[in-house]
Amino acid sequence: MATNLVHGGKVSPVQFMDYTLGALFYRFISENITDYCNQLMADAGVPNPDYACMSDEMAENARDQIVNAKGFYILPSQLFINVANGASKNTEQNTTLANNFKAIEQSAIGKPSENDVKGLFSNFNTNDNGLGTTVMARNELLTTLLENVRDLNFTTYIESGLDVFGICYEYLIKMYALNSGTKGGEFYTPGEVSYLLAKIAAAGRKTVNKVYDPACGSGSLLLNFNRVLGSKNVEDGFYGQEINIKTYNLCRMNMFLHNVNYDHFDIRCEDTLLHPQHTEDEPFDAIVSNPPYATPWPGNSDATLINDPRYSPAGVLAPKSKSDFAFTMHMLSWLSAQGTAAIVEFPGVLCRSGDEQKIRKYLVSNNYVDTVIQLAQNLFFGATVSTCIIVLKKNKNDNRVCFIDASNEFGHEGNKNKLTAENIDRIYNAYMTKEEDAHFCHVVTTADIEAEDFNLSVSTYVEQEDTREKIDIKELNKRIAEIVAREQQLRTDIDAIVKELEG
(Lines give C-alpha, C1' and ligand atoms only; values in the text may rest on other atoms or scores of the structure.)
Protein backbone atom coordinates (compact mmCIF):
# COMPACT_ATOMS: atom_id res chain seq x y z
CA MET A 1 0.00 0.00 0.00
CA ALA A 2 2.49 2.62 1.18
CA THR A 3 5.01 1.59 -1.46
CA ASN A 4 2.64 2.48 -4.30
CA LEU A 5 2.03 5.89 -2.83
CA VAL A 6 5.65 6.70 -2.13
CA HIS A 7 6.86 5.89 -5.61
CA GLY A 8 5.38 9.14 -6.86
CA GLY A 9 8.53 10.71 -5.47
CA LYS A 10 6.64 13.14 -3.21
CA VAL A 11 7.87 11.82 0.14
CA SER A 12 10.48 9.36 1.33
CA PRO A 13 9.39 5.91 2.53
CA VAL A 14 10.45 6.72 6.10
CA GLN A 15 8.61 10.06 6.12
CA PHE A 16 5.46 8.58 4.64
CA MET A 17 5.44 5.74 7.15
CA ASP A 18 4.32 8.27 9.79
CA TYR A 19 1.19 8.91 7.72
CA THR A 20 0.57 5.23 7.00
CA LEU A 21 0.82 4.34 10.68
CA GLY A 22 -1.36 7.30 11.60
CA ALA A 23 -4.05 6.39 9.08
CA LEU A 24 -4.13 2.79 10.28
CA PHE A 25 -4.42 3.99 13.86
CA TYR A 26 -7.22 6.43 12.90
CA ARG A 27 -9.16 3.59 11.28
CA PHE A 28 -8.65 1.32 14.31
CA ILE A 29 -9.86 3.75 16.96
CA SER A 30 -12.81 4.74 14.76
CA GLU A 31 -13.92 1.14 14.38
CA ASN A 32 -13.26 0.49 18.05
CA ILE A 33 -15.53 3.39 19.06
CA THR A 34 -18.15 2.32 16.51
CA ASP A 35 -18.23 -1.27 17.75
CA TYR A 36 -18.51 -0.07 21.34
CA CYS A 37 -21.38 2.32 20.58
CA ASN A 38 -23.22 -0.22 18.44
CA GLN A 39 -23.04 -2.71 21.30
CA LEU A 40 -24.37 -0.11 23.75
CA MET A 41 -27.34 0.57 21.47
CA ALA A 42 -27.97 -3.13 20.85
CA ASP A 43 -28.00 -3.77 24.61
CA ALA A 44 -30.52 -0.95 24.94
CA GLY A 45 -32.79 -2.60 22.38
CA VAL A 46 -32.05 -0.36 19.40
CA PRO A 47 -32.69 -2.37 16.19
CA ASN A 48 -29.82 -2.49 13.64
CA PRO A 49 -27.64 0.10 15.40
CA ASP A 50 -25.10 1.94 13.24
CA TYR A 51 -23.12 4.64 14.99
CA ALA A 52 -21.45 5.71 11.73
CA CYS A 53 -24.83 6.82 10.35
CA MET A 54 -25.96 8.63 13.49
CA SER A 55 -26.14 12.42 13.63
CA ASP A 56 -23.44 14.21 15.62
CA GLU A 57 -26.14 15.90 17.70
CA MET A 58 -27.64 12.61 18.83
CA ALA A 59 -24.21 11.05 19.42
CA GLU A 60 -23.22 13.85 21.78
CA ASN A 61 -25.50 12.35 24.44
CA ALA A 62 -23.05 9.51 24.97
CA ARG A 63 -19.83 11.55 24.94
CA ASP A 64 -19.00 11.32 28.65
CA GLN A 65 -19.80 7.62 28.84
CA ILE A 66 -17.59 6.83 25.86
CA VAL A 67 -14.66 8.98 27.03
CA ASN A 68 -14.76 7.34 30.44
CA ALA A 69 -14.71 3.90 28.84
CA LYS A 70 -12.32 4.43 25.93
CA GLY A 71 -10.35 7.50 26.92
CA PHE A 72 -11.38 9.60 23.91
CA TYR A 73 -14.37 10.41 21.72
CA ILE A 74 -15.06 10.54 17.99
CA LEU A 75 -18.22 12.02 16.51
CA PRO A 76 -19.85 10.03 13.69
CA SER A 77 -18.87 12.66 11.11
CA GLN A 78 -15.25 12.37 12.28
CA LEU A 79 -15.06 8.59 11.96
CA PHE A 80 -12.40 7.29 9.59
CA ILE A 81 -14.89 5.56 7.29
CA ASN A 82 -16.95 8.72 6.77
CA VAL A 83 -13.87 10.86 6.18
CA ALA A 84 -12.37 8.33 3.77
CA ASN A 85 -15.63 7.92 1.84
CA GLY A 86 -15.92 11.65 1.35
CA ALA A 87 -12.24 12.33 0.74
CA SER A 88 -12.33 12.46 -3.06
CA LYS A 89 -14.89 15.29 -2.99
CA ASN A 90 -13.34 17.21 -0.09
CA THR A 91 -11.17 20.06 -1.32
CA GLU A 92 -10.12 20.80 2.25
CA GLN A 93 -9.17 17.25 3.25
CA ASN A 94 -5.99 18.36 5.01
CA THR A 95 -7.94 20.76 7.22
CA THR A 96 -10.68 18.22 7.92
CA LEU A 97 -8.14 15.67 9.14
CA ALA A 98 -6.26 18.22 11.24
CA ASN A 99 -9.49 19.36 12.90
CA ASN A 100 -10.64 15.79 13.55
CA PHE A 101 -7.33 14.82 15.14
CA LYS A 102 -7.43 17.92 17.30
CA ALA A 103 -11.00 17.13 18.38
CA ILE A 104 -10.09 13.54 19.32
CA GLU A 105 -7.20 14.72 21.48
CA GLN A 106 -9.25 17.53 23.05
CA SER A 107 -12.01 15.08 23.98
CA ALA A 108 -9.71 13.71 26.70
CA ILE A 109 -8.79 17.05 28.29
CA GLY A 110 -9.60 17.02 31.98
CA LYS A 111 -10.09 13.25 31.96
CA PRO A 112 -7.84 10.54 33.44
CA SER A 113 -6.81 9.62 29.88
CA GLU A 114 -5.62 13.12 28.96
CA ASN A 115 -1.88 12.33 29.02
CA ASP A 116 -2.42 9.03 27.20
CA VAL A 117 -4.19 10.72 24.29
CA LYS A 118 -2.47 14.10 24.11
CA GLY A 119 -0.30 14.47 20.99
CA LEU A 120 -1.15 11.07 19.53
CA PHE A 121 -1.47 12.52 16.04
CA SER A 122 1.45 14.95 16.23
CA ASN A 123 3.42 12.86 13.73
CA PHE A 124 0.59 13.23 11.18
CA ASN A 125 1.14 16.76 9.86
CA THR A 126 -1.49 17.23 7.15
CA ASN A 127 0.10 20.49 6.00
CA ASP A 128 3.62 19.16 5.57
CA ASN A 129 5.11 20.34 2.27
CA GLY A 130 6.56 16.86 1.90
CA LEU A 131 3.05 15.72 0.99
CA GLY A 132 2.94 18.22 -1.85
CA THR A 133 3.81 21.83 -2.54
CA THR A 134 0.16 22.84 -2.95
CA VAL A 135 -2.99 22.14 -0.94
CA MET A 136 -4.43 20.29 -3.94
CA ALA A 137 -1.37 18.03 -4.18
CA ARG A 138 -1.44 17.31 -0.46
CA ASN A 139 -5.13 16.51 -0.53
CA GLU A 140 -4.67 14.20 -3.48
CA LEU A 141 -2.05 12.16 -1.63
CA LEU A 142 -4.03 12.14 1.62
CA THR A 143 -7.13 10.96 -0.23
CA THR A 144 -5.21 8.12 -1.86
CA LEU A 145 -3.82 7.12 1.52
CA LEU A 146 -7.22 7.13 3.24
CA GLU A 147 -8.85 5.15 0.45
CA ASN A 148 -6.05 2.56 0.45
CA VAL A 149 -6.33 2.06 4.20
CA ARG A 150 -10.14 1.98 3.96
CA ASP A 151 -10.03 -0.76 1.32
CA LEU A 152 -7.90 -3.10 3.40
CA ASN A 153 -10.27 -6.03 4.09
CA PHE A 154 -9.64 -7.30 7.61
CA THR A 155 -13.04 -8.87 8.24
CA THR A 156 -12.12 -12.52 7.67
CA TYR A 157 -9.00 -12.26 9.80
CA ILE A 158 -10.76 -10.43 12.64
CA GLU A 159 -13.51 -13.06 12.69
CA SER A 160 -10.83 -15.73 13.11
CA GLY A 161 -9.66 -14.01 16.30
CA LEU A 162 -6.48 -12.41 14.99
CA ASP A 163 -5.29 -9.07 16.35
CA VAL A 164 -5.20 -7.77 12.77
CA PHE A 165 -4.60 -4.10 13.47
CA GLY A 166 -1.88 -4.90 15.97
CA ILE A 167 -0.18 -7.31 13.58
CA CYS A 168 -0.30 -4.79 10.71
CA TYR A 169 1.00 -2.04 12.95
CA GLU A 170 3.90 -4.17 14.17
CA TYR A 171 4.73 -5.07 10.56
CA LEU A 172 4.70 -1.43 9.49
CA ILE A 173 6.91 -0.45 12.43
CA LYS A 174 9.30 -3.21 11.38
CA MET A 175 9.36 -1.81 7.84
CA TYR A 176 9.87 1.64 9.33
CA ALA A 177 12.90 0.32 11.20
CA LEU A 178 14.28 -1.32 8.07
CA ASN A 179 13.98 1.93 6.11
CA SER A 180 15.42 3.98 8.94
CA GLY A 181 18.85 2.39 8.60
CA THR A 182 21.03 2.70 11.69
CA LYS A 183 18.22 4.53 13.52
CA GLY A 184 15.86 1.57 13.31
CA GLY A 185 17.27 -0.33 16.26
CA GLU A 186 16.60 2.64 18.51
CA PHE A 187 12.88 2.05 18.68
CA TYR A 188 12.25 -1.47 17.39
CA THR A 189 13.44 -4.75 18.86
CA PRO A 190 12.81 -7.75 16.59
CA GLY A 191 9.71 -9.63 17.67
CA GLU A 192 11.55 -12.89 18.30
CA VAL A 193 14.03 -11.23 20.65
CA SER A 194 11.20 -9.36 22.40
CA TYR A 195 9.34 -12.63 22.89
CA LEU A 196 12.42 -14.33 24.36
CA LEU A 197 12.98 -11.44 26.78
CA ALA A 198 9.35 -11.54 27.93
CA LYS A 199 9.46 -15.33 28.37
CA ILE A 200 12.57 -15.02 30.53
CA ALA A 201 11.21 -12.14 32.63
CA ALA A 202 7.89 -13.96 33.18
CA ALA A 203 9.38 -17.43 33.66
CA GLY A 204 7.62 -19.47 36.33
CA ARG A 205 4.75 -17.00 36.64
CA LYS A 206 1.14 -17.13 35.57
CA THR A 207 0.64 -13.44 36.35
CA VAL A 208 2.75 -10.34 36.98
CA ASN A 209 1.67 -7.14 38.68
CA LYS A 210 3.31 -4.60 36.41
CA VAL A 211 5.80 -4.78 33.52
CA TYR A 212 8.28 -2.01 32.82
CA ASP A 213 10.66 -0.84 30.11
CA PRO A 214 12.70 2.34 30.78
CA ALA A 215 13.60 2.73 27.09
CA CYS A 216 10.40 1.38 25.61
CA GLY A 217 10.68 2.48 21.98
CA SER A 218 7.54 1.42 20.12
CA GLY A 219 6.47 -0.81 23.03
CA SER A 220 7.07 -4.20 21.41
CA LEU A 221 8.89 -5.66 24.42
CA LEU A 222 6.08 -4.71 26.78
CA LEU A 223 3.36 -6.01 24.51
CA ASN A 224 4.99 -9.44 24.26
CA PHE A 225 3.81 -10.10 27.81
CA ASN A 226 0.32 -10.32 26.31
CA ARG A 227 1.62 -13.10 24.10
CA VAL A 228 3.47 -14.87 26.91
CA LEU A 229 0.95 -14.50 29.75
CA GLY A 230 -2.25 -13.19 28.19
CA SER A 231 -3.42 -9.59 28.54
CA LYS A 232 -5.54 -10.28 31.62
CA ASN A 233 -2.53 -11.66 33.48
CA VAL A 234 -0.59 -8.40 33.43
CA GLU A 235 -2.68 -7.29 36.35
CA ASP A 236 -1.69 -3.67 36.92
CA GLY A 237 -0.59 -2.75 33.44
CA PHE A 238 2.28 -1.70 31.21
CA TYR A 239 4.74 1.03 32.20
CA GLY A 240 7.38 2.60 30.01
CA GLN A 241 9.44 5.69 29.38
CA GLU A 242 10.81 6.96 26.07
CA ILE A 243 12.94 10.03 25.37
CA ASN A 244 12.07 10.41 21.66
CA ILE A 245 8.67 12.04 21.24
CA LYS A 246 7.95 10.48 17.84
CA THR A 247 8.70 7.01 19.19
CA TYR A 248 6.72 7.81 22.33
CA ASN A 249 3.69 8.48 20.14
CA LEU A 250 4.25 5.21 18.27
CA CYS A 251 4.31 3.34 21.57
CA ARG A 252 1.03 4.80 22.81
CA MET A 253 -0.64 4.08 19.46
CA ASN A 254 0.73 0.55 19.64
CA MET A 255 -0.89 0.06 23.03
CA PHE A 256 -4.32 1.14 21.76
CA LEU A 257 -3.93 -0.99 18.64
CA HIS A 258 -3.27 -4.06 20.78
CA ASN A 259 -6.45 -3.37 22.76
CA VAL A 260 -4.60 -2.18 25.84
CA ASN A 261 -6.98 0.40 27.26
CA TYR A 262 -5.76 3.81 28.45
CA ASP A 263 -6.20 2.83 32.10
CA HIS A 264 -3.93 -0.19 31.66
CA PHE A 265 -0.79 1.54 30.39
CA ASP A 266 1.32 4.47 31.49
CA ILE A 267 3.87 5.56 28.89
CA ARG A 268 5.76 8.80 29.50
CA CYS A 269 8.18 10.94 27.51
CA GLU A 270 11.34 12.01 29.35
CA ASP A 271 14.99 11.14 29.96
CA THR A 272 14.90 8.03 32.16
CA LEU A 273 18.43 8.39 33.50
CA LEU A 274 17.99 11.99 34.66
CA HIS A 275 14.23 12.32 35.10
CA PRO A 276 12.61 8.94 35.87
CA GLN A 277 8.83 9.21 35.60
CA HIS A 278 7.49 6.20 37.51
CA THR A 279 8.95 6.66 40.97
CA GLU A 280 5.48 6.21 42.45
CA ASP A 281 4.94 2.92 40.61
CA GLU A 282 8.14 0.98 41.26
CA PRO A 283 9.15 -1.71 42.05
CA PHE A 284 8.26 -3.95 39.12
CA ASP A 285 8.02 -7.73 38.99
CA ALA A 286 9.12 -7.92 35.35
CA ILE A 287 11.48 -5.56 33.53
CA VAL A 288 12.53 -5.92 29.91
CA SER A 289 14.57 -3.49 27.86
CA ASN A 290 16.80 -2.92 24.88
CA PRO A 291 18.34 0.41 25.97
CA PRO A 292 20.42 2.52 23.58
CA TYR A 293 23.98 1.34 23.11
CA ALA A 294 26.96 3.42 24.21
CA THR A 295 25.12 6.73 24.29
CA PRO A 296 26.58 9.63 26.29
CA TRP A 297 25.13 10.87 29.55
CA PRO A 298 26.36 13.36 32.20
CA GLY A 299 27.93 10.66 34.39
CA ASN A 300 30.46 12.00 36.89
CA SER A 301 30.27 15.50 35.43
CA ASP A 302 27.03 15.82 37.42
CA ALA A 303 28.00 15.64 41.08
CA THR A 304 24.45 14.84 42.17
CA LEU A 305 24.19 11.57 40.25
CA ILE A 306 26.51 9.60 42.54
CA ASN A 307 23.99 10.26 45.32
CA ASP A 308 21.05 9.02 43.26
CA PRO A 309 19.83 5.85 45.03
CA ARG A 310 19.62 4.11 41.67
CA TYR A 311 23.35 4.50 40.98
CA SER A 312 25.02 5.02 44.37
CA PRO A 313 25.11 1.36 45.52
CA ALA A 314 27.83 0.53 42.97
CA GLY A 315 30.01 3.38 44.25
CA VAL A 316 30.77 4.55 40.71
CA LEU A 317 28.84 5.80 37.71
CA ALA A 318 28.75 4.44 34.19
CA PRO A 319 31.26 6.28 31.96
CA LYS A 320 30.07 9.55 30.43
CA SER A 321 30.51 8.14 26.93
CA LYS A 322 28.63 4.90 27.63
CA SER A 323 25.38 4.96 29.59
CA ASP A 324 24.65 1.23 29.22
CA PHE A 325 25.30 0.36 32.85
CA ALA A 326 23.40 3.44 34.04
CA PHE A 327 20.29 1.88 32.52
CA THR A 328 21.22 -1.47 34.07
CA MET A 329 21.60 0.04 37.55
CA HIS A 330 18.32 1.93 37.13
CA MET A 331 16.49 -1.29 36.28
CA LEU A 332 18.07 -3.21 39.12
CA SER A 333 17.02 -0.47 41.54
CA TRP A 334 13.40 -0.67 40.39
CA LEU A 335 13.23 -4.47 40.30
CA SER A 336 11.07 -6.06 42.99
CA ALA A 337 12.52 -8.57 45.44
CA GLN A 338 10.81 -11.40 43.58
CA GLY A 339 11.22 -9.94 40.09
CA THR A 340 13.32 -10.64 36.99
CA ALA A 341 14.96 -8.17 34.61
CA ALA A 342 16.03 -9.26 31.12
CA ILE A 343 18.20 -6.62 29.44
CA VAL A 344 19.82 -6.49 26.01
CA GLU A 345 23.42 -5.35 26.39
CA PHE A 346 26.25 -4.55 24.01
CA PRO A 347 29.05 -7.10 24.57
CA GLY A 348 31.63 -4.47 25.49
CA VAL A 349 30.00 -3.75 28.85
CA LEU A 350 30.67 -7.35 29.89
CA CYS A 351 34.45 -7.10 29.67
CA ARG A 352 35.64 -3.49 29.61
CA SER A 353 37.82 -2.28 32.47
CA GLY A 354 37.49 0.85 34.58
CA ASP A 355 34.20 1.88 36.15
CA GLU A 356 32.23 -0.68 34.15
CA GLN A 357 34.34 -3.42 35.73
CA LYS A 358 33.56 -1.95 39.17
CA ILE A 359 29.84 -2.04 38.40
CA ARG A 360 30.13 -5.67 37.28
CA LYS A 361 31.93 -6.42 40.55
CA TYR A 362 29.00 -4.90 42.43
CA LEU A 363 26.46 -6.93 40.44
CA VAL A 364 28.33 -10.21 40.84
CA SER A 365 29.41 -9.76 44.47
CA ASN A 366 25.82 -9.08 45.48
CA ASN A 367 24.66 -12.14 43.53
CA TYR A 368 22.32 -10.22 41.23
CA VAL A 369 23.52 -11.81 37.98
CA ASP A 370 21.52 -14.92 37.15
CA THR A 371 22.26 -15.61 33.48
CA VAL A 372 24.23 -14.13 30.57
CA ILE A 373 23.20 -15.12 27.04
CA GLN A 374 25.32 -14.44 23.96
CA LEU A 375 23.09 -13.88 20.92
CA ALA A 376 23.94 -14.24 17.24
CA GLN A 377 25.19 -11.44 15.06
CA ASN A 378 22.96 -9.34 12.81
CA LEU A 379 19.67 -9.85 14.71
CA PHE A 380 18.98 -6.15 15.26
CA PHE A 381 18.24 -3.34 12.83
CA GLY A 382 21.15 -0.94 12.48
CA ALA A 383 23.55 -3.23 14.35
CA THR A 384 25.24 -6.19 12.66
CA VAL A 385 27.41 -7.09 15.67
CA SER A 386 26.27 -9.62 18.22
CA THR A 387 24.44 -8.61 21.37
CA CYS A 388 23.76 -10.35 24.64
CA ILE A 389 21.11 -10.62 27.32
CA ILE A 390 21.88 -10.20 31.00
CA VAL A 391 19.28 -11.53 33.45
CA LEU A 392 19.18 -9.95 36.92
CA LYS A 393 17.41 -11.21 40.03
CA LYS A 394 17.38 -10.18 43.69
CA ASN A 395 16.07 -13.45 45.10
CA LYS A 396 18.60 -16.07 44.02
CA ASN A 397 18.96 -19.03 46.40
CA ASP A 398 22.47 -19.98 45.26
CA ASN A 399 25.59 -18.26 43.93
CA ARG A 400 25.55 -19.90 40.51
CA VAL A 401 25.61 -17.94 37.25
CA CYS A 402 24.58 -19.52 33.96
CA PHE A 403 26.33 -18.67 30.69
CA ILE A 404 24.67 -19.57 27.39
CA ASP A 405 26.42 -19.29 24.03
CA ALA A 406 23.58 -18.87 21.52
CA SER A 407 25.79 -17.22 18.91
CA ASN A 408 25.01 -20.03 16.47
CA GLU A 409 21.28 -20.05 17.19
CA PHE A 410 19.66 -18.27 14.24
CA GLY A 411 17.89 -18.64 10.95
CA HIS A 412 17.84 -16.23 8.01
CA GLU A 413 15.30 -13.65 6.88
CA GLY A 414 16.52 -11.68 3.89
CA ASN A 415 19.86 -10.12 4.79
CA LYS A 416 19.15 -10.34 8.53
CA ASN A 417 19.48 -13.20 10.97
CA LYS A 418 16.51 -14.06 13.19
CA LEU A 419 15.72 -16.34 16.10
CA THR A 420 13.55 -19.26 15.05
CA ALA A 421 11.03 -20.93 17.34
CA GLU A 422 13.51 -23.78 17.82
CA ASN A 423 16.29 -21.32 18.73
CA ILE A 424 14.06 -19.60 21.29
CA ASP A 425 13.04 -22.93 22.84
CA ARG A 426 16.63 -24.11 23.16
CA ILE A 427 17.79 -20.85 24.77
CA TYR A 428 14.82 -20.67 27.11
CA ASN A 429 15.12 -24.30 28.19
CA ALA A 430 18.81 -23.81 28.95
CA TYR A 431 17.94 -20.73 31.00
CA MET A 432 15.30 -22.63 32.96
CA THR A 433 17.19 -25.88 33.60
CA LYS A 434 20.74 -24.49 33.79
CA GLU A 435 22.03 -27.91 32.81
CA GLU A 436 25.50 -28.40 31.37
CA ASP A 437 25.53 -28.62 27.58
CA ALA A 438 28.94 -28.78 25.93
CA HIS A 439 29.82 -25.65 23.96
CA PHE A 440 26.37 -24.16 24.69
CA CYS A 441 25.59 -23.85 28.40
CA HIS A 442 27.92 -23.76 31.40
CA VAL A 443 27.26 -22.84 35.01
CA VAL A 444 29.90 -21.25 37.27
CA THR A 445 29.95 -19.66 40.72
CA THR A 446 30.42 -16.02 41.60
CA ALA A 447 33.88 -17.01 42.91
CA ASP A 448 34.77 -18.28 39.42
CA ILE A 449 33.75 -14.92 37.97
CA GLU A 450 35.78 -13.07 40.59
CA ALA A 451 38.79 -15.15 39.55
CA GLU A 452 38.28 -13.80 36.03
CA ASP A 453 38.30 -10.17 37.29
CA PHE A 454 34.51 -10.03 36.98
CA ASN A 455 34.54 -10.56 33.24
CA LEU A 456 31.02 -11.58 32.17
CA SER A 457 31.74 -12.42 28.54
CA VAL A 458 30.16 -15.75 27.65
CA SER A 459 33.25 -16.83 25.70
CA THR A 460 35.26 -16.73 28.93
CA TYR A 461 33.18 -19.53 30.44
CA VAL A 462 31.65 -21.54 27.59
CA GLU A 463 34.32 -23.51 25.75
CA GLN A 464 34.18 -23.01 22.02
CA GLU A 465 33.75 -26.12 19.94
CA ASP A 466 36.85 -26.99 17.91
CA THR A 467 35.55 -27.36 14.38
CA ARG A 468 38.96 -27.99 12.88
CA GLU A 469 39.54 -31.34 11.25
CA LYS A 470 40.85 -33.87 13.77
CA ILE A 471 44.15 -35.48 12.83
CA ASP A 472 45.31 -38.99 13.79
CA ILE A 473 48.96 -38.41 14.76
CA LYS A 474 49.94 -42.06 14.45
CA GLU A 475 48.41 -42.29 10.99
CA LEU A 476 50.08 -39.01 10.02
CA ASN A 477 53.52 -40.24 11.19
CA LYS A 478 53.03 -43.48 9.29
CA ARG A 479 52.21 -41.56 6.10
CA ILE A 480 55.20 -39.29 6.57
CA ALA A 481 57.48 -42.31 7.06
CA GLU A 482 56.12 -43.84 3.85
CA ILE A 483 56.72 -40.61 1.95
CA VAL A 484 60.29 -40.38 3.32
CA ALA A 485 60.93 -44.01 2.33
CA ARG A 486 59.60 -43.43 -1.18
CA GLU A 487 61.69 -40.28 -1.46
CA GLN A 488 64.81 -42.19 -0.37
CA GLN A 489 64.06 -44.95 -2.87
CA LEU A 490 63.61 -42.34 -5.58
CA ARG A 491 67.00 -40.80 -4.73
CA THR A 492 68.62 -44.26 -4.85
CA ASP A 493 67.06 -44.98 -8.24
CA ILE A 494 68.16 -41.59 -9.61
CA ASP A 495 71.73 -42.12 -8.30
CA ALA A 496 71.82 -45.49 -10.06
CA ILE A 497 70.67 -43.99 -13.33
CA VAL A 498 73.19 -41.15 -13.11
CA LYS A 499 76.05 -43.59 -12.31
CA GLU A 500 75.06 -45.76 -15.29
CA LEU A 501 75.06 -42.76 -17.60
CA GLU A 502 78.47 -41.62 -16.33
CA GLY A 503 79.94 -45.07 -16.90
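The basis for the numbers below is simple: all heavy atoms, side chains too, and nothing from hydrogens, waters or symmetry mates. For this chain, numbers begin at 1 and follow the sequence in order. Quantities reported herein were computed from a predicted structural model and do not represent experimental measurements.
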Can you measure from [atom1] ([X]) to [atom2] ([Y]) and round to the nearest 0.5 angstrom?
X      : Y      : atom1 : atom2 : result
Arg27  : Asn32  : CZ    : CG    : 12.5 Å
Arg252 : Tyr248 : CZ    : OH    : 3.5 Å
Ser289 : Ile389 : OG    : CD1   : 12.0 Å
His439 : Glu463 : NE2   : CD    : 5.5 Å
Asp236 : Asp266 : CG    : CG    : 12.0 Å
Met331 : Arg310 : CE    : CZ    : 11.0 Å

Any donor-acceptor pair under 3.5 Å from [X] side chain to [Y] backbone:
X      : Y      : answer
Lys434 : Tyr431 : yes
Asp324 : Ala294 : yes
Thr387 : Val344 : no
Ser407 : Ala376 : no
Ser457 : Thr460 : no
Ser194 : Thr189 : yes
Glu105 : Leu120 : yes
Lys210 : Asp281 : yes
Gln241 : Cys216 : no
Ser386 : Gln377 : no

- Task: Any chance you could lay out the side chain to side chain contact (heavy atoms under 4.5 Å, CB included) test for Val391 and Val372, step after step, and finish with the verdict?
- Result: CA-CA 6 Å; Val391 182; Val372 183; over 6 Å; no
- Query: How about His442 and Tyr461: are their ring centres within less than 6.0 Å of each other?
  - Reply: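 Distance test on ring centres: not under 6.0 Å, no.
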- Query: Is the centre of the Tyr212 ring less than 6.0 Å from the centre of the Tyr239 ring?
  - Reply: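 Here the rings of Tyr239 and Tyr212 have centres that are no less than 6.0 Å from each other.
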Quick one: do the [X] and [Y] side chains pair a donor with an acceptor below 3.5 Å?
X      : Y      : answer
Asp405 : Gln464 : yes
Asn254 : Ser220 : no
Lys396 : Asn367 : yes

- Message: If you apply the rule salt bridge (charged side-chain N to carboxylate O under 4.0 Å, His left out), what do you find for Glu452 with Lys361, and how did you get there?
- Response: CA-CA 11 Å; Glu452 295 288 349; Lys361 179 179 179 180; over 6 Å; no
On the 0 to 90° scale, with breaks at 30° and 60°, tag the [X]-[Y] ring pair as parallel, tilted or perpendicular.
X      : Y      : result
Trp297 : Tyr311 : perpendicular
Tyr26  : Phe121 : perpendicular
Phe284 : Trp334 : tilted
His412 : Phe410 : perpendicular

Is the shortest side-chain heavy-atom distance between [X] and [Y] below 4.5 Å?
X      : Y      : value
Leu197 : Asn224 : no
Phe72  : Ser113 : no
Val462 : Phe440 : no
Ile427 : Ile373 : yes
Tyr362 : Tyr368 : yes
Leu392 : Thr340 : no
Ile267 : Leu222 : yes
Asn290 : Phe327 : no

Looking at every heavy atom in both [X] and [Y], which two are closest together, and how far apart are they?
X      : Y      : value
Phe80  : Ala23  : CE1-O, 4.0 Å
Asn249 : Ser122 : ND2-OG, 2.6 Å
Ala69  : Asn261 : O-ND2, 3.0 Å

- Message: Please determine whether side chain to side chain donor-acceptor pair (under 3.5 Å) holds for the pair Glu345 and Thr328, giving the CA-CA distance in whole Å, both sets of side-chain angles, and the decisive distance to 0.1 Å.
- Response: CA-CA 9 Å; Glu345 302 274 16; Thr328 302; 2.5 Å; yes
- Step-by-step side chain to side chain contact (heavy atoms under 4.5 Å, CB included) determination, Leu375 to Glu409: CA-CA 7 Å; Leu375 296 176; Glu409 295 293 315; over 6 Å; no
- Item | Check against side chain to side chain donor-acceptor pair (under 3.5 Å), Asn233 and Thr207 | CA-CA 5 Å; Asn233 294 318; Thr207 64; 6.0 Å; no
- Derivation of the side chain to side chain donor-acceptor pair (under 3.5 Å) call for Arg426 and Asn423: CA-CA 5 Å; Arg426 189 182 184 203; Asn423 299 146; over 6 Å; no
- Does a sphere of radius 6.0 Å around NZ in Lys394 hold more than 12 heavy atoms from other residues, nucleotides or ligands, not counting ones at 6.0 Å or beyond?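 Atom NZ in Lys394 is crowded, with more than 12 foreign heavy atoms closer than 6.0 Å.
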- Candidate pair Asp453 and Arg360, rule salt bridge (charged side-chain N to carboxylate O under 4.0 Å, His left out), full reasoning: CA-CA 9 Å; Asp453 293 327; Arg360 291 197 304 274; over 6 Å; no
- Query: With the threshold set at 4.0 Å, does a side-chain nitrogen-carboxylate oxygen contact exist between Arg400 and Asp370?
  - Reply: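 Salt bridge: no.
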- Message: Taking Arg227 first and then Glu192, would you say they form a salt bridge - that is, a charged N and a carboxylate O separated by under 4.0 Å?
- Response: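 Salt bridge: no.
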- Task: Show the numbers, then the answer: is there a salt bridge (charged side-chain N to carboxylate O under 4.0 Å, His left out) between Arg352 and Glu356?
- Result: CA-CA 6 Å; Arg352 287 193 291 254; Glu356 288 179 313; 2.6 Å; yes
- Query: Pick one: which of Phe265, Tyr262, Phe238 meets ring-ring contact (aromatic ring centres under 6.0 Å, His included) with Phe256?
  - Reply: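 Between Phe256 and the candidates, ring-ring contact (aromatic ring centres under 6.0 Å, His included) is satisfied uniquely by Phe265.
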- For Gln338 and Asp285, what are the C-alpha separation, side-chain angles and deciding distance, and is it a side chain to side chain donor-acceptor pair (under 3.5 Å)? CA-CA 7 Å; Gln338 68 275 12; Asp285 280 352; 3.0 Å; yes
- side chain to side chain contact (heavy atoms under 4.5 Å, CB included) assessment of Val443 paired with Val401: CA-CA 6 Å; Val443 179; Val401 180; over 6 Å; no
- Could you go through the side chain to side chain contact (heavy atoms under 4.5 Å, CB included) check for Ile404 and Thr371 one step at a time? CA-CA 8 Å; Ile404 300 171; Thr371 301; 4.0 Å; yes
